[in-house]
Amino acid sequence: MTQTGIPRTSTIALSISGGGHRAAAFGLGTIALLQELKLMEKVGVISTVSGGSLVGSFYLCAKARTIGEAELAGQDMALALASWKAEGFRSLFFEPFRTFLHSRTLAEQLVKDLLPLPLDKREKLIRSAAQRVQSLLEQHDYPTRLGDQAVRALLKSHDCLPDHVFFNAANLTSLDLFRFGVTRQGDDKHDCFVVNNVLIPVDPNLSEPASELVAGLRIADCVAASFCFPLGFEPLVFPDDFQKVEPTRNRQEQLQREAIVRRLCHGHLAVALMDGGLYDNLGLASLEVTIRAIRETEDKRLGIDPSKADTRRQQIYVFATDVDNIQPANKSLDPHKPTQPNVAPPVPGLTDWLEALPSITGLLLSPLMVLGAFGTLPLVLLLWLTARLPLLRSPLLRWLQTSPRFGRPLLELGIVLSPELIAAAANPPTSPLELKDVGQLWAGRRMAELLPAFNGYLKRTRNLTYQFLSYKYRSFDGGNPNTFLLRNLIFQLAPGRDCDPATNLDELTRPLEPYAHQASEKCLDPDRWIQAKLDAIAFLTSEPQTPPTDVDAELLTKLQTDLALDQARLCWSEIEAVMNNPASPAASATDPTMLRLLQPVALAVQQAWGPHEGKTLGGQHLLSRICEMATNLPTTLWLEDYCFYVPSRYDPMGDALVVQGGWFVEASLVPANRRVLKFQVGLAVDLAIAAGVINTCFNILEFSASVLRP
């Protein structure tokens, strides 16, 4: 419901997944395309995770700054929104955030803080990252706290969206979701802050202790909790790491604060928070909870039976912006690497030992060495003594097995101190080749299993989440849904089986299929993989100036209104024009900002790839390569320095991606016998943004085509 009392006919719920700066850049491209289609003013719910929370927070704060300044100046909100659409979006949000992505500020700050410091000056690395985000917000005069006047002004203006914004973290204390955000709860309810799953009404005077506590939370800390990924950072503790509490002798105030924290943390006085991707890397959980609340309010206000379809309900379109990994094992785990050490040479020389020294890292990562927190060197020494001194073996073994410092932690990890384990610990590598082999076994093999295992988990949960939501929306009232799922995938137009959404959406388990006697008939041409996808939308894009006539006119009108279908068709024609001739793109029928971004990216990729089949790379072939390269971007806290690209390899006798391509900061790091493409520094950032523009436009068209021609 708007402030004028006219119900909204449609709302967009936007999620932006985790994925480091790659996710932030792809999310920026997604938001830019939606803004160009005038759809961002329909985005009522934004839910972000990890890297997606960076771009989500910048958008919230930039728009809040515009609305807050208008309120302070007594300006009409309609004029403020017009100013935001005309100039503010680009100058206050898009360009500043793009500049941030092109910088190394966050990464350089983290590297700087990794250097040795005096103990009294050291702090958690994640707090340093949060402080860097805080500095960026302050640099652009953005609001910096959940309760700042500008954020509250945005919530009060009911004609100004979004209504709900969430930054999602994971609660390691309860292994559950932990949200931070702001939400507008409807015409008859107060605007609220959100901490965990608790709604705290916004107190305009901040006289309510709970509201005052939450209003003081820094947005930068909330975002840092969302991107606090394991191994890279230590947990961010709420509330200790969020607010500095001055010592007080007032026992009543202290008890009151503790009571508030316990209510927010479900009985705990503190909880450890880490990357939201550990629970829901898509950010769809917060969207679904909010949509459910919207529907409940809607049903109550209109007197609708919740189990029945009703034309008075608004249509909700869920844009799931997914920047996840699709081939988790191809790049990090080589199945051909040996798993057993080789036979050592009989007489190693000094040079052999010097060459083997770097592999000591591998030994330090072995299971016993990982227990460094329990005193690695003393433990190894005791094990060695136990094995070498028979008289001490029995008493030392009993002591080790029951020791609170060594034995009990080992037992908790499932490691039982046995004679076999002691014998293994007492026989270290006796040659440089053994040292290198054992080091490679742990550093290059065992540790390499962690990344594909974790990414495989994310891939599986992603598919199950999509499947659940798709069935839920589709099954409403016998197949008449009013909530729709649009999967905005970074890998949508890249080559490969896993890039096709239809392959995985309906799979709970992978089905059986007959043996292919002639696999060559399924030969994958990576440059033509997207042809079938483009064919599916051809009836919408062949003549973008003319509406299709052989479809349901009512549905077509609905899509034109809800998803700006006509403008999306024009945008796609301009994208195709750029791909066909990057050197001289066609004149833009919409905002030329999109073409100014796409044209240099397409031209750089075209020139780097060189001729293709005797012709200049262009059209759908160029489009496919751009999407492949965006899909293969690393999940890092910076992209600026990645300028060497190694293309993916495909099985010429099947449809599999054999070796995933990758980006490198130095050509010397590229594996031998691989083709290397060199780009200008910073191209990777703009390529990820361009991929967000391209894929979002395509996904609107693909969804519309599936509705018009099921």
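One-based numbering along the sequence shown. Note that these values count all heavy atoms, side chains included, but never hydrogens, waters or copies made by symmetry.
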Minimal non-hydrogen separation, [X] against [Y], with atom names:
X: L485; Y: S470; result: CD2-N, 4.3 Å
X: Y642; Y: W638; result: CE1-O, 3.6 Å
X: A630; Y: I490; result: O-CD1, 3.5 Å
X: A568; Y: C697; result: O-SG, 3.3 Å
X: I16; Y: A23; result: CG2-O, 4.1 Å
X: W663; Y: A684; result: CZ3-CB, 4.2 Å

Test of understanding: with side-chain contact (heavy atoms from CB on, under 4.5 Å), list the residues that count as partners of L60, not counting sequence neighbours. L154, V165, F167
Run the side-chain contact (heavy atoms from CB on, under 4.5 Å) test against A224 and tell me which residues pass, sequence neighbours left out. I126, A130, F227, L236
Under the side chain to side chain contact (heavy atoms under 4.5 Å, CB included) test against L287, which residue among D280, V318, L469 passes? V318
Does the side chain of [X] come under 3.5 Å of the side chain of [Y] through a donor N or O and an acceptor N or O?
X: N488; Y: N699; answer: yes
X: Q314; Y: T11; answer: yes
X: D275; Y: S50; answer: yes

Lys/Arg-Asp/Glu bridge criterion (N-O < 4.0 Å) met for [X], [Y]:
X: E298; Y: R312; answer: no
X: E296; Y: K300; answer: no
X: K38; Y: E41; answer: no

Any chance you could measure [X], atom [atom1], to [Y], atom [atom2], to the nearest 0.5 Å?
X: D686; Y: L598; atom1: CG; atom2: CG; result: 10.0 Å
X: L161; Y: L81; atom1: CG; atom2: CG; result: 9.0 Å
X: R22; Y: L633; atom1: CZ; atom2: CG; result: 7.0 Å
X: F94; Y: I689; atom1: CZ; atom2: CD1; result: 5.0 Å
X: R145; Y: Q134; atom1: CZ; atom2: CD; result: 6.5 Å
X: L563; Y: L486; atom1: CG; atom2: CG; result: 6.5 Å

Just by distance, do the side chain of [X] and the backbone of [Y] share a donor-acceptor pair under 3.5 Å?
X: D552; Y: E554; answer: yes
X: S47; Y: L14; answer: no
X: S226; Y: N168; answer: yes
X: T541; Y: I537; answer: yes
X: T631; Y: A494; answer: no
X: W572; Y: I694; answer: no
X: S706; Y: F703; answer: yes
X: N196; Y: L264; answer: yes

Within the 4.5 Å heavy-atom criterion, are [X] and [Y] side-chain neighbours or not?
X: H102; Y: F100; answer: no
X: I700; Y: L34; answer: yes
X: T290; Y: T183; answer: no
X: Q492; Y: E702; answer: yes
X: V49; Y: L282; answer: no
X: L597; Y: R98; answer: yes
X: Q35; Y: R90; answer: no
X: L639; Y: L101; answer: no

Could you walk me through whether S286 and R179 pass the side chain to side chain donor-acceptor pair (under 3.5 Å) check? CA-CA 8 Å; S286 291; R179 308 176 184 88; 2.7 Å; yes
Cation-pi check, R487 to Y466: give yes when NZ or CZ is under 6.0 Å from the six-membered ring centre and within 45° of the ring axis, no otherwise. yes
Would you check, one step at a time, whether the test side-chain contact (heavy atoms from CB on, under 4.5 Å) holds for L493 with S624? CA-CA 6 Å; L493 296 173; S624 173; over 6 Å; no
Return the set of residues passing ring pair (Phe, Tyr, Trp, His ring centres under 6.0 Å) with F319 (not counting sequence neighbours), or none when no residue passes. none
Which word best sums up how the rings of [X] and [Y] line up, parallel for under 30°, tilted for 30 to 60°, or perpendicular for over 60°?
X: F58; Y: H140; value: perpendicular
X: F229; Y: F233; value: perpendicular
X: F93; Y: Y59; value: perpendicular

Can you confirm whether or not the ring centre of F178 sits under 6.0 Å from the ring centre of Y279? no
Centroid separation under 6.0 Å, is that true for the rings of F180 and F193? no
What residues form a salt bridge (Lys or Arg N to Asp or Glu O under 4.0 Å) with [X], not counting sequence neighbours?
X: E71; answer: K156
X: D566; answer: R569
X: R292; answer: none

Can you list the steps and then say if F484 with Y473 is a ring pair (Phe, Tyr, Trp, His ring centres under 6.0 Å)? CA-CA 6 Å; F484 305 92; Y473 299 154; 8.2 Å; no
Go through it in stages, so that I can follow the logic: the residues are C627 and N695, the test is side-chain contact (heavy atoms from CB on, under 4.5 Å), and I'd like the CA-CA distance, side-chain angles, deciding distance and then a yes or no. CA-CA 8 Å; C627 292; N695 282 276; 3.9 Å; yes
Just do the side-chain contact (heavy atoms from CB on, under 4.5 Å) check on T48 and V55 with the steps written out, would you? CA-CA 9 Å; T48 61; V55 66; 5.6 Å; no
V693 and F26: side-chain contact (heavy atoms from CB on, under 4.5 Å), yes or no, with the steps? CA-CA 8 Å; V693 171; F26 187 83; over 6 Å; no
Apply salt bridge (charged side-chain N to carboxylate O under 4.0 Å, His left out) to the pair R65 and E69, showing each step before the final yes or no. CA-CA 6 Å; R65 171 187 162 180; E69 289 176 348; 3.0 Å; yes
Identified side-chain hydrogen bond (donor to acceptor under 3.5 Å, both in side chains) partner of T483 from the options R295, R313, Q315: R295
